[in-house]
Amino acid sequence: MLEVVEIEPQSLWRVRGDGGIQVDEDVLGRLSDLPGARLLHGVGNPVGGCGLPDVRHTELFGELAGRLDAPWVSEHLAFNRAAGRTGWFHTGFMLPPCQTSAGAHAAARSVRAMADALPVPLAVEIGANYLRPRPGDLSDGAFVRRVAEQSGCGLLLDLHNVLANERNGRGSVDDLLAGLPLDRVWEVHLAGGFEYRGYWLDAHSGLPDDDLLALAERVLPQLPALRAVLFEATPSAVPDLDAGAVRELLVAVQEMWPRQAPLPPLSPPYAMGVPHAAGAESIAPCDWELALGSLAVGRDPGTTPLARELAADPAIGLLRDLVAEFRGSALTGTLRYTMRLLFLTLGPDGVGELLGAYMRACPPRLFASEEAFAFADHLLEARPRVPWLTDVVELDRGLLRARLDGSPCTVGLRTDPTALMTDLGAGRLPVAPQRGHFRVRLVDDLAPA
């Protein structure tokens, strides 16, 4: 029943303290041993913006594709960094590209740059877009068609994304599908979501609802090049999933998708080539990315008409919430003891104020480990009135370095580390832990050695 597993390559990468990236070979080995085929789906090097994809990340992406024998790979048609006055900054969340002719030109150039550097074909995912449609922009379907045909890529059709876009007022799914080159769709995603602040979120939070299943039943037979249908769920959603219900979903999808005969080996579709952007448009893609990226991370977007227009879009508040949620989740997962100490001492409101000050002062980082080190530095500089904070931060930083480097890390503390880790690990504040001079050797299993 389970014929393919899709892997996010960034989840296998460990960013060392020196900035180098290495692959977690243990996890990769377990994934390689799974039965069936494997696909790769990028989540950190999108191809919808002016900035070309990171060459180092693309090389690692291609290397993993070869090692896992993936027949194709996919990445998002979005952007997650923008060029400001002092250089590039990350947005902390994948944002929708500029849907003009010039925006399609920029995206197709980015897609082509990644595709040319990979050993297997590339498909791009049509993303969720919470912004209001803009008069004069290309429609969602027309924009994707133009990017796909100019770059020669395949398509990943996330049906939950496009249903969310319809529910959020961007236009009907049928209009989108009518504009797409459906013969380029190699892969389909299904997922669950929920409502928040009046928007339907692409949250991967559970099973597909009845509307999505009905849409899949109608659309899957229309996709002549379709090769894989994937069910997506975030790690936090997995414990609440019922295994029997997931099994029923997989059976239902197999019945919706009547595969008659094996498809021929995959080859990239014909590319029309990336033309020069024709004509002067009112919005340059780089200006779009700077304004939207700045608003999403709480920076001043300037006083341009575009900045004022985007600032008035109610989705900006949602995007800021999503960016803050992603950054906070990264810190909770990497600075385990520090975050627990902060919550136990300051409470949710106090932690919220502390995180807000940090996020206003420091732009997002691409990797969770980079976010963790930046927040740790911020805490040691800001010095909020929290007992044992310096020692707990040093513990967490040492554990993180040991995990990333794959070798023990020794740190010096003024408080008994066993008391700190035991009590905070149990969700309580330490009571009069022993003070003194301690040197503790930390390894990557979250315990002192």
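Taking 4.5 Å as the limit, every side-chain heavy atom of D140 sits out of range of all side-chain heavy atoms of V162. A heavy-atom distance below 4.5 Å is not found between the side chains of L379 and T390. For the pair P364/E371, a side-chain contact is recorded, criterion being any heavy-atom separation below 4.5 Å from C-beta on. With contacts defined as side-chain heavy-atom distances shorter than 4.5 Å, the pair L213/L249 qualifies. In this structure, R134 and W288 have side chains that are in contact, with non-hydrogen atoms separated by less than 4.5 Å. Within the 4.5 Å cutoff, no side-chain heavy atoms of L77 are placed close to those of I126. Looking at heavy atoms from C-beta onward, D211 lies in side-chain contact with R167 at the 4.5 angstrom threshold. In this structure, the side chains of E6 and L40 stay at 4.5 Å or more apart for every pair of heavy atoms.
Using a cutoff of 4.0 Å between basic side-chain nitrogens and carboxylate oxygens, D116 and R112 are scored as salt-bridged. Ionic pairing of R397 and D377 is present here: one or more N-O contacts between side-chain nitrogen and carboxylate oxygen are shorter than 4.0 angstrom. The residues R336 and D396 are annotated as not salt-bridged, no charged nitrogen and carboxylate oxygen being separated by less than 4.0 angstrom. Remark: R67 engages E25 in a salt bridge, criterion side-chain N to carboxylate O under 4.0 Å. Salt-bridge annotation for R14 and D24: present, with a side-chain N of the basic residue lying under 4.0 Å from a carboxylate O of the acidic one.
For F438, the CZ atom sits in a packed shell: over 12 heavy atoms of surrounding residues, nucleotides or ligands are nearer than 6.0 Å.
If you check the side chains of D313 and Y130, you find no donor sitting under 3.5 Å from an acceptor. With hydrogens and angles left out, the side-chain atoms of H41 and E8 include no donor and acceptor closer than 3.5 Å. For the residue pair N161 and E125, a side-chain donor N or O sits within less than 3.5 Å of a side-chain acceptor on the partner.
Going from atom CZ of R365 over to atom CZ of F375 covers 12.5 Å, rounded to the nearest 0.5 Å. Here the CG atom belonging to L190 is positioned 8.0 Å from the CG atom belonging to D158, to the nearest 0.5 angstrom. Atom OG1 of T415 and atom CD of E394 lie 11.5 Å apart (nearest 0.5 Å). Note that CG of L335 is 8.5 Å distant from CZ of F373, once rounded to the nearest 0.5 Å. Distance CG/L207 to CG/D242: 8.0 Å, rounded to 0.5 Å.
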Please tabulate, one pair per line, all N/O donor-acceptor pairs under 3.5 Å involving side-chain atoms of residues 293-304, not counting sequence neighbours.
| residue | atom | partner | partner atom | Å |
| --- | --- | --- | --- | --- |
| S294 | OG | L290 | O | 2.6 |
| D300 | OD1 | G302 | N | 2.9 |
| T304 | OG1 | A307 | N | 3.0 |

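Side-chain atoms of D287 do not come within 3.5 Å of backbone N or O of I283 as any donor-acceptor pair. Panel note: side chain R38, backbone L34; a donor-acceptor pair is recorded below 3.5 Å.
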_Show, in sequence, the C-alpha distance, side-chain angles and deciding distance for E187 and H189, and conclude whether the side chain to side chain donor-acceptor pair (under 3.5 Å) test is met._
CA-CA 7 Å; E187 182 177 343; H189 282 183; 2.8 Å; yes
